[in-house]
Amino acid sequence: MDKRKTILILQSAVCILLAAALISAAIVIFLDGTARKAANPKESIYTAEIVAKKLSQVAPLMVAAVVILIVGLIFGVKDENAEKPVKARLKPRKGESELQGVIQAAVVVAAAVLILAGILNGSARDMLIKAITICTECIGLG
Amino acid sequence: MDKLNEKTSWWQAHRPTTRRLVQLYAALLHNTYIKGFITGEIYKGQAKNVCVPGLNCYSCPGAVGACPLGSLQNALAVTGHRAGWYVLGILMLFGITLGRTICGWLCPLGLIQELLHRIPTPKIRKSKVTRVLSWLKYVILAVFAIAIPLWYGLKYDLPMPGFCKYICPAGTLEGAVGHLVHPANTSMFCMLRELFTNKWIIMILLALACTFCYRSFCRFICPLGAVYSLFNRFCIVGVKVDADRCNGCGACVRHCQMDVHHVGDRECIHCAKCMDVCHQGAISVKAGRITLKAPEIGCAGELPEAPKKRKRTPRILWCVALAVLCFALLWFNIIEPSIPQKKQDEQPVVTEPPEISEEQEEDTEAQETIAQETIRWESDLPVGFDPGQQLADFTLHCYDGTDFHLADMCGKIVFINLWSTYCTPCKKELPYFDELYRAHKDDIAMVIVHYWLVTDDPEEYLADKGYAMPFATDDEDLMTKLANANGTLPQTIVLNRKGEVIYNDRGSMTPDLLEALYAEADASVPK
């Protein structure tokens, strides 16, 4: 088999395996942690130690992925088909509206008015407060 | 000689394009607060009054601006109180000036996706299926970024950023993982539950998808791209086609990796790759009438500028850009005057138990100082906020007119909960505290403290809730110093009857956990 093709397939397999390993690690930690938490509500589902242990198990795959990536990049391996043009239909462009300039100016003015209104009604402050505090739920911490 | 030539050609094949350099530059500029990566805290200055154009989580330790998508959802969530004109205005301004040029040139997540796509694997090319899938982002925008925040905000008065909470990989990567990897934030691990597991899985799947399929998140999921796409046809800066030169060959569309039907349509990210394949020289990058990047092949062979001038202009621009980046780094990390210094600089008070020497006993002034610093629990525990220490004394004025003076609560199990009206998990857990308080009213001293940052009147919010426990607002930001609060909410502190901290953690509480904490406090120092 062509060496380049082999690297491509190998890299794909490692990527998929790595993703699967990372996902399964999270699921295993979650399931174990939930069982521990059911027995003792003060227990944490995730702990730094458990996460570090699981990541160390996945580490060989990560190293393999990086090594294959470097080899691939050095030898310029890539899917040649990816850059070939696809069959696609060029839809006729709608002619540029004569009103385009007017629309742009109107939207800019409307945006400026809204920003000013937002500063006056306090929504700018809402945004600032949300931005300077960590929303744990938003970032997935819980 | 041949080898040298080979090396040169390798570099020529792999050297970063101008667009890649701009993407890197933009990603750096979005995350200039390097100090955040060192300290594990987020930037809290006034620059967060402004949204950045790209999708960049504002909980990222390095972020110096607000995420437009997160801000939009939060603005919609508080629609019942005030309309979020500010965010809408900013989005319109970004949309009409840059449109999806932001996706192609400025978005940090766009850069990450493109780097993932560089991993050498077989690639999935665009097709009718991907074209259909490109509509999915509008559904996600409508459901997760608009309907869910509006529904929860208007019906339950709960801020619920649906997209951030359930999908956003930027939040998981930059916000959650960005904080968890820092040794100072190991206490955050106790907050991780099902939500994190789900978001982690989504992030990994999206990363895998981006490896095989160009910009999968951007093309199929990103609601911010969906918003900007609405303005794409009219945006001032972007790729423009000279209709007089275009012969309709369609090379631009066939070579484009996005699901475009023509240059500049809703899917076009103005990356300008199509300029290289247009043999008519019909495509250029323009800002209004000014040409930013002209086609190298002109129909009549004309060049827009003299070659020397063309070479010099980008260099000057790059010098200016680097100067701006250096200034931003200096400003946000060293000079920045708007960071609330009091909150940033004050270190939590962790002291050893005061040892009173013979000299000190004689010194009345020293004794008075120690008496002020320590609390009135009859305990020799060190003052601090970690389990095993005793919390320093404080007084809060409650909304019901009473004062909560910690030292007066000696002999009771104390629950202190930090919350805010803009924190959904905080609001959700209040009934559990109420239940616990009612069940053990004679044995528990409880105060629910609103964090010093106030958006809506907490008293107004609580008016019809009927909670029995006392509430107060931490106007003087006592909790930052005394209980190690940093705005990551909710936070709960539990003291036993001796005033010893037995629990001080951030994250949502459950009735079971509250009861377990009560039982533990009760067992550690029985009545």
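Each chain gets a letter, A, B and so on, in the order the sequences are listed, and its residues count up from 1.
Considering only heavy-atom pairs separated by less than 4.5 Å from chain B, the leading option among I23(A), L10(A), V113(A), I45(A) is I23(A). Counting heavy-atom pairs closer than 4.5 Å to chain B, the top residue among A111(A), S44(A), G33(A) is A111(A). Counting heavy-atom pairs closer than 4.5 Å to chain A, the top residue among Y214(B), W200(B), Y86(B) is Y86(B). Contact count against chain B (heavy-atom pairs under 4.5 Å) is highest for T47(A) among T47(A), T34(A), I29(A), I27(A). Among the candidates L514(B), L93(B), T97(B), I124(B), the residue making the largest number of heavy-atom pairs closer than 4.5 Å to chain A is L93(B). For chain A, the option among M160(B), Q73(B), K199(B) with the highest count of heavy-atom pairs below 4.5 Å is K199(B). Of the listed residues (H81(B), M92(B), M191(B), R82(B)), the greatest number of heavy-atom pairs within a distance under 4.5 Å of chain A belongs to R82(B). Across I16(A), I50(A), I7(A), the residue that shares the most heavy-atom pairs under 4.5 angstrom with chain B is I16(A). Taking N74(B), T488(B), D512(B) one by one and counting their heavy-atom pairs under 4.5 Å with chain A, the maximum is reached by N74(B). Highest contact tally toward chain B, considering only T136(A), V107(A), L114(A), is held by L114(A) [criterion: heavy-atom pairs under 4.5 Å]. For the set R118(B), M203(B), E520(B), K128(B), the entry with the most heavy-atom pairs within less than 4.5 Å of chain A is E520(B). The most heavy-atom pairs under 4.5 Å with chain B, out of M127(A), R125(A), K37(A), come from M127(A).
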Would you be so kind as to tabulate the donor-acceptor pairs closer than 3.5 Å made by side chains of residues 57-80 of chain A, with sequence neighbours excluded?
{"unit_1": "D79(A)", "atom_1": "OD1", "unit_2": "N81(A)", "atom_2": "N", "d": "3.1"}
{"unit_1": "D79(A)", "atom_1": "OD2", "unit_2": "K123(B)", "atom_2": "N", "d": "2.7"}

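The NZ atom of K48(B) sits 9.0 Å away from the NZ atom of K44(B) when rounded to the nearest 0.5 Å. Atom CD1 in I167(B) sits 10.5 Å away from atom OG1 in T172(B) (nearest 0.5 Å). Q104(A) contributes atom CD, which lies 4.5 Å from atom CD1 of I236(B) (distance to the nearest 0.5 angstrom). Summarising the geometry, atom OG1 belonging to T510(B) is positioned 13.5 Å from atom NZ belonging to K428(B); distances are rounded to the nearest 0.5 Å.
For P490(B), the side-chain contact (heavy atoms from CB on, under 4.5 Å) criterion is met by N417(B), C423(B), P425(B), C426(B), E429(B), not counting sequence neighbours. In this view, H255(B) satisfies the ring-ring contact (aromatic ring centres under 6.0 Å, His included) rule with no residue, not counting sequence neighbours.
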Please step through side chain to side chain contact (heavy atoms under 4.5 Å, CB included) for the pair Y58(B) and Y43(B), ending with a clear verdict.
-> CA-CA 9 Å; Y58(B) 44 32; Y43(B) 168 76; over 6 Å; no
Please walk me through it: do H117(B) and T211(B) pass side chain to side chain contact (heavy atoms under 4.5 Å, CB included)?
-> CA-CA 4 Å; H117(B) 194 67; T211(B) 310; over 6 Å; no
L141(A) and L195(B): CA distance, side-chain angles, deciding distance, side chain to side chain contact (heavy atoms under 4.5 Å, CB included) verdict | CA-CA 7 Å; L141(A) 288 177; L195(B) 183 65; over 6 Å; no
Pair L192(B)-V51(A), side chain to side chain contact (heavy atoms under 4.5 Å, CB included): steps then yes or no = CA-CA 11 Å; L192(B) 308 182; V51(A) 171; 5.6 Å; no
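For F212(B), the part sitting under 4.5 Å from any heavy atom of chain A is the side chain, from C-beta outward, and nothing else. For Y503(B), the part sitting under 4.5 Å from any heavy atom of chain A is the side chain, from C-beta outward, and nothing else. Contact of E174(B) with chain A is not made at all, since no heavy-atom distance falls under 4.5 Å. Proximity to chain A (any heavy atom under 4.5 Å) is restricted, for F231(B), to the side chain, taken from C-beta onward. Neither the backbone nor the side chain of K273(B) comes within contact range of chain A, judged by heavy atoms closer than 4.5 Å. For a residue to count as touching a neighbouring chain, one of its non-hydrogen atoms must lie under 4.5 Å from one of that chain's; by this rule C190(B) touches chain A with backbone and side chain alike. Only the backbone of L489(B) comes within less than 4.5 Å of a heavy atom in chain A; its side chain stays farther off. Contacts of L208(B) with chain A are made by side-chain atoms alone, with heavy-atom separations under 4.5 Å and no backbone atom involved. With a 4.5 angstrom heavy-atom cutoff, S508(B) touches chain A only via side-chain atoms. For T197(B), the parts lying under 4.5 angstrom from a heavy atom of chain A are both the backbone and the side chain. Residue C60(B): no heavy atom, backbone or side chain, is found under 4.5 Å from chain A. In this structure, chain A has a heavy atom under 4.5 Å from the backbone of I502(B), while its side chain stays farther away. The part of L180(B) that comes within reach of chain A is its side chain, from C-beta onward, which places non-hydrogen atoms under 4.5 angstrom from that chain. For A516(B), the part sitting under 4.5 Å from any heavy atom of chain A is the side chain, from C-beta outward, and nothing else.
Taking each heavy atom of C57(B) and I139(A) in turn, the nearest pair found is SG-CG2, 3.6 Å. The minimum heavy-atom distance linking I202(B) with Y166(B) is given by the pair CD1-O, 3.1 Å. Of all heavy-atom pairs between S59(B) and I42(B), the closest is O-CG2, 3.3 Å. Of all heavy-atom pairs between P68(B) and V87(B), the closest is O-CG1, 3.9 Å. Residues A26(A) and Y46(A) approach most closely at O-OH, 3.4 Å, considering heavy atoms. L206(B) approaches P169(B) most closely through the heavy-atom pair CD1-CG, 3.6 Å.
Here the side chain of K130(A) pairs no donor or acceptor atom with the backbone of G70(B) at under 3.5 angstrom.
Among residues 116-124 of chain A, the residues having any heavy atom closer than 4.5 Å to a heavy atom of chain B are, in sequence order, A117(A), G118(A), I119(A), N121(A), G122(A), S123(A), A124(A).
At a threshold of 4.5 Å between non-hydrogen side-chain atoms, the residues C15(A) and L18(A) do not count as touching.
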